[in-house]
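Just the heavy atoms: all of them, side chains too, but no hydrogens, waters or symmetry mates, feed the values below.
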Amino acid sequence: MAVITETAYQQCLNLACLTTLGVEQAAFACPKCGDLLDVVYDWDRLPVPSRLSEFEAKWSDRLNPLSFSGVWRFRELLPFAPPDQIVTVGEGQTLLQTADKVGQFVGLNPGCLKLQYEGMNPSGSFKDNGMTAAFTHARMVGARRVACASTGNTSAALAVYCSATSYGFKAIIFIGSGKIAYGKLAQALDHGALTIQIVGDFDDAMHRVKQVADRLGIYLMNSVNPFRLEGQKTIMYRVLEALAWEPPDWIVVPGGNLGNSSAFGKAFIELKHLGLIDRVPRLAVINAAGAQTLDQLVSTHGLTWSNGLPDMNLTDRYYAGLDASGLKASTIASAIEINRPVNLKKCLRAIDFCDGVVRQVSDQEIMDAKAWVGAGGLGCEPASAASVAGAKRLREEGIIAPSETVVCILTGHQLKDPTATVAYHGADQENFEKVLGSRGVRRAGFANRPVIVPNDLDDIIRTIALYSESGDANGSSD
Ligand code: F0G
């Protein structure tokens with residue numbers, strides 16, 4: 001088959017291999033050495049704007065679906081697809097919110113904390129940024145059956161792109177047993193995806209979906225698919241756009257399978273190479289303490305990108321240790337309950353280029369940060385709040401200064417996981433114990449408990465009067 005776009009190709013990430021493939025191939029791993037693939041562009045032969053502000057011209061062209069999309073309005077920065085093949089459902093209508101109340105909790109000066117709210121995507125999480133790009137590639141290669149393993153959001157996004165488009169895509173999703181928040185499971189079921197629940201966790205499901213995709217020739221939609229990461233680069237373009245093209249000091253992102261952090265790093269590598277930014281933000285990738293492979297490998301064992309030749313023996317030894325101890329990932333932030341992140345190597349590249357740091361935060365820190373995002377921001381699901389908890393931790397350590405501009409990525413919508421939220425705030429002790437207590441989470445002072453009041457007018461009025469005197473419902477009285 002002819003190469004569809006010769007100015008874009010796929011290349012093995014392994015410097016000792018560097019095998020290349022055309023963009024018309026669907027490989028998901030280097031056919032020679034099995035390493036990750038990257039999408040690479042011959043920028044010298046591509047029309048790229050000379051200034052990022054030139055993208056603003058797309059704002060006046062919103063009737064064109066490619067300019068309306070918050071991904072494809074930056075299409076010159078992910079130019080692997082012929083425009084007539086692009087699959088879009090209007091993703092990327094997201095916003096950057098300055099959140100001073102949450103900023104105060106984090107320890108930042110007013111105006112310094114920004115929340116990039118990706119919950120506004122059609123499926124309610126950042127995944128749509130990647131799905132639109134991967135579905136475009138799937139269409140280019142003539143794929144019909146598409147599959148993923150998921151902690152919930154990837155599968156929800158995949159199901160949406162199958163159901164909301166008319167190219168005949170069929171969704172097959174793999175989930176672990178009891179490992180998926182109800183909001184996300186509801187989406188997969190409602191959008192008609194074949195939902196295969198296996199006994200095991202995300203890492204087990206990931207292993208299986210790769211085998212199945214390989215055996216049956218099904219198109220793989222997990223973030224080992226390098227085209228997905230092309231779409232996820234645009235989260236950074238929209239952050240820059242919202243900051244009038246001025247890079248922030250920090251980007252803080254939760255780390256699960258490490259697709260986002262990898263994509264963000266690639267975005268900045270390319271923008272710098274193209275001379276479109278002169279300053280690169282620092283990157284902080286935040287693990288949950290119960291799924292802390294990246295933090296262990298980087299912060300404890302000193303794993304680095306090493307000019308493209310990271311010591312993967314360290315990783316192999318770490319995974320052998322996990323196997324020997326039978327340790328499984330476990331966190332209330334189920335979206336990032338992952339012990340074997342598939343994009344580890346690309347994430348190391350991002351950390352290297354963006355002078356990055358990695359931290360882990362406890363379920364308690366995550367749930368407390370989430371409550372603050374709810375009380376002073378647009379709300380988010382537990383995994384997303386790891387970014388805010390991580391920023392707070394880095395502030396306390398003095399690594400982030402109070403006057404620095406910090407963008408925390410809120411990766412998923414608040415309503416994705418109502419169980420965790422209601423348990424944290426709720427009055428029902430039994431439910432709290434079941435969902436959070438067993439993980440050592442306490443309800444903090446700012447949990448907003450429902451008030452049980454008799455169905456009596458005077459009692460109700462007295463309760464409202466009490467509430468009005470004591471400040472707002474989350475207990476703060478500023
Ligand atoms: N936040 C949310 C809400 C997620 O759903 C995920 C990943 C992450 C953060 C982590 O992002 O993998 O790029 O490091 N969810 C995947 C899923 C694994 O299956 O939905 P990452």
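- A donor-acceptor contact under 3.5 angstrom links the side chains of Asp363 and Thr331, judged on distance only.
- Annotation: ring pair (Phe, Tyr, Trp, His ring centres under 6.0 Å) contacts of Phe353 (sequence neighbours excluded): none.
- Using a 3.5 Å distance cut-off with no hydrogens or angles, the side chains of Ser67 and Asp61 do pair a donor with an acceptor.
- In this structure a side-chain-to-backbone donor-acceptor pair under 3.5 Å is missing from Asp35 to Cys12.
- Asn121 places a side-chain N or O within donor-acceptor distance of the main-chain N or O of Gly92, the cut-off being under 3.5 Å.
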> Should Val141 and Gln25 be marked as a side-chain contact (heavy atoms from CB on, under 4.5 Å) after you check the CA-CA gap, both sets of side-chain angles, and the distance that decides it?
Replying inline: CA-CA 7 Å; Val141 302; Gln25 284 179 267; over 6 Å; no
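- The backbone N or O of Asn129 sits nowhere less than 3.5 Å from a side-chain atom of Gln232 that would complete a donor-acceptor pair.
- Looking at Lys370 and Thr421, their side chains do bring a donor and an acceptor atom within 3.5 Å of each other.
- Note that the CD atom of Gln116 and the CD1 atom of Ile409 stand 5.5 Å from one another [nearest 0.5 Å].
- Proximity of Leu229 to Asn343: side-chain heavy atoms (C-beta onward) are separated by under 4.5 Å at one or more points.
- Side-chain contact between Phe105 and Val388 is present, with heavy atoms from C-beta onward closer than 4.5 Å.
- Of all heavy-atom pairs between Leu294 and Leu344, the closest is CD1-CD1, 3.5 Å.
- Considering only residues two or more places apart in sequence or on other chains, Arg349 meets the salt bridge (charged side-chain N to carboxylate O under 4.0 Å, His left out) condition with Asp38.
- Taking the six-membered ring for Trp and the full ring otherwise, Phe80 and Phe227 have centroids separated by under 6.0 Å.
- The one candidate from Leu297, Thr315, Leu258, Asp203 that meets the side chain to side chain contact (heavy atoms under 4.5 Å, CB included) condition with Pro341 is Leu258.
- Lys127 has its side chain out of reach of Met221: every pair of non-hydrogen atoms, C-beta onward, lies at least 4.5 Å apart.
- With sequence neighbours left out, Glu76 forms a salt bridge (charged side-chain N to carboxylate O under 4.0 Å, His left out) with Lys58.
- Side-chain polar atoms of Thr293 and Gln296 form no donor-acceptor pair below 3.5 angstrom.
- Not one N or O on the side chain of Thr94 forms a donor-acceptor pair closer than 3.5 Å with the backbone of Glu118.
- The number of heavy atoms from other shown groups lying within 6.0 Å of CZ (Arg279) is above 12.
- A search for ring pair (Phe, Tyr, Trp, His ring centres under 6.0 Å) contacts involving Tyr219 returns Phe28, His137, not counting sequence neighbours.
- Counted within 6.0 Å of OH on Tyr167, heavy atoms from surrounding residues, nucleotides or ligands total more than 12; the atom is thus considered enclosed.
- Counting all heavy atoms, side chain and backbone alike, Ala289 lies closest to Ser362 at CB-CA, 4.0 Å.
- In this structure, CD1 in Ile235 is found 12.0 Å from CG in Leu240, a value given to the nearest 0.5 Å.
- Within the 4.5 Å cutoff, the side chain of Pro310 has heavy atoms near those of the Trp305 side chain.
- A distance-only check finds no donor-acceptor pair linking the side chain of His191 to the backbone of Val160 [under 3.5 Å].
- For the atom pair Trp59 CH2 and Glu241 CD, the distance stands at 5.0 Å (nearest 0.5 Å).
- Not a single donor-acceptor pair under 3.5 Å links the side chain of Gln85 to the backbone N or O of Pro82.
- Annotation: ring pair (Phe, Tyr, Trp, His ring centres under 6.0 Å) contacts of Phe126 (sequence neighbours excluded): none.
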> Passes side-chain contact (heavy atoms from CB on, under 4.5 Å), Val209 versus Leu220? Steps please.
Replying inline: CA-CA 8 Å; Val209 76; Leu220 189 59; 3.9 Å; yes
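- Side-chain atoms of Tyr424 and Asp368 include a donor-acceptor pair closer than 3.5 Å.
- For Phe169 and Tyr161, the distance between ring centers is not under 6.0 angstrom.
- A donor-acceptor pair under 3.5 Å is formed between the side chain of Lys346 and the backbone N or O of Leu37.
- Heavy atoms of other residues, nucleotides or ligands lying less than 6.0 angstrom from CG of Asp84 number more than 12.
- Between Tyr41 and Leu77, the shortest heavy-atom contact is CE1-O, 4.4 Å.
- You'll find the side chain of Leu348 reaches within 4.5 Å of the side chain of Leu303, heavy atoms only.
- At distances below 3.5 Å, not a single donor-acceptor pair connects side-chain atoms of Asn222 with backbone N or O atoms of Cys148.
- Between the side chains of Arg439 and Ser330, at least one donor N or O lies within less than 3.5 Å of an accepting N or O.
- To the nearest 0.5 Å, atom CD of residue Gln97 and atom NZ of residue Lys114 are 10.5 Å apart.
- Side chain of Ser299 to backbone of Val358: a donor-acceptor contact under 3.5 angstrom is found.
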>> Let's go through Thr136 and Trp72 carefully: what are the C-alpha distance in whole Å and the side-chain angles of both, what is the deciding distance for side-chain contact (heavy atoms from CB on, under 4.5 Å) to 0.1 Å, and is it a yes or a no?
In response: CA-CA 11 Å; Thr136 296; Trp72 298 105; 3.5 Å; yes
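- No side-chain heavy atom of Met206 sits under 4.5 Å from any side-chain heavy atom of Ile338.
- For the residue pair Ser223 and Arg228, the shortest heavy atom distance occurs at N-NH1, 3.4 Å.
- Atom CG in Leu309 sits 5.0 Å away from atom CG in Leu15 (nearest 0.5 Å).
- With sequence neighbours left out, Gln93 forms a side-chain hydrogen bond (donor to acceptor under 3.5 Å, both in side chains) with no residue at all.
- Judged purely by atom type and a 3.5 angstrom limit, Ser261 has no side-chain atom pairing as donor or acceptor with the backbone of Cys347.
- Between Arg359 and Glu397 a salt bridge is recorded (basic side-chain N to carboxylate O distance below 4.0 Å).
- Side-chain contact between Thr132 and Val89 is absent, with no heavy-atom pair separated by less than 4.5 Å.
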>> Please determine whether side-chain contact (heavy atoms from CB on, under 4.5 Å) holds for the pair Met131 and Thr154, giving the CA-CA distance in whole Å, both sets of side-chain angles, and the decisive distance to 0.1 Å.
In response: CA-CA 8 Å; Met131 279 303 157; Thr154 302; 3.4 Å; yes
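- Salt bridge annotation for Glu365-Arg393: present, with a cationic side-chain nitrogen under 4.0 angstrom from a carboxylate oxygen.
- Ring geometry for Tyr117 against His413 counts as tilted: the plane angle lies between 30° and 60°, on a 0 to 90° scale.
- The structure places NZ of Lys233 at 5.5 Å from CG of Leu78, a figure rounded to the nearest 0.5 Å.
- The two residues Phe135 and Leu158 have their closest heavy-atom pair at CZ-O, 3.7 Å.
- What you find for Thr411 and Ser384 is that their closest heavy atoms are OG1-OG, 2.8 Å.
- Side-chain contact between Leu66 and Thr88 is present, with at least one heavy-atom pair separated by less than 4.5 Å.
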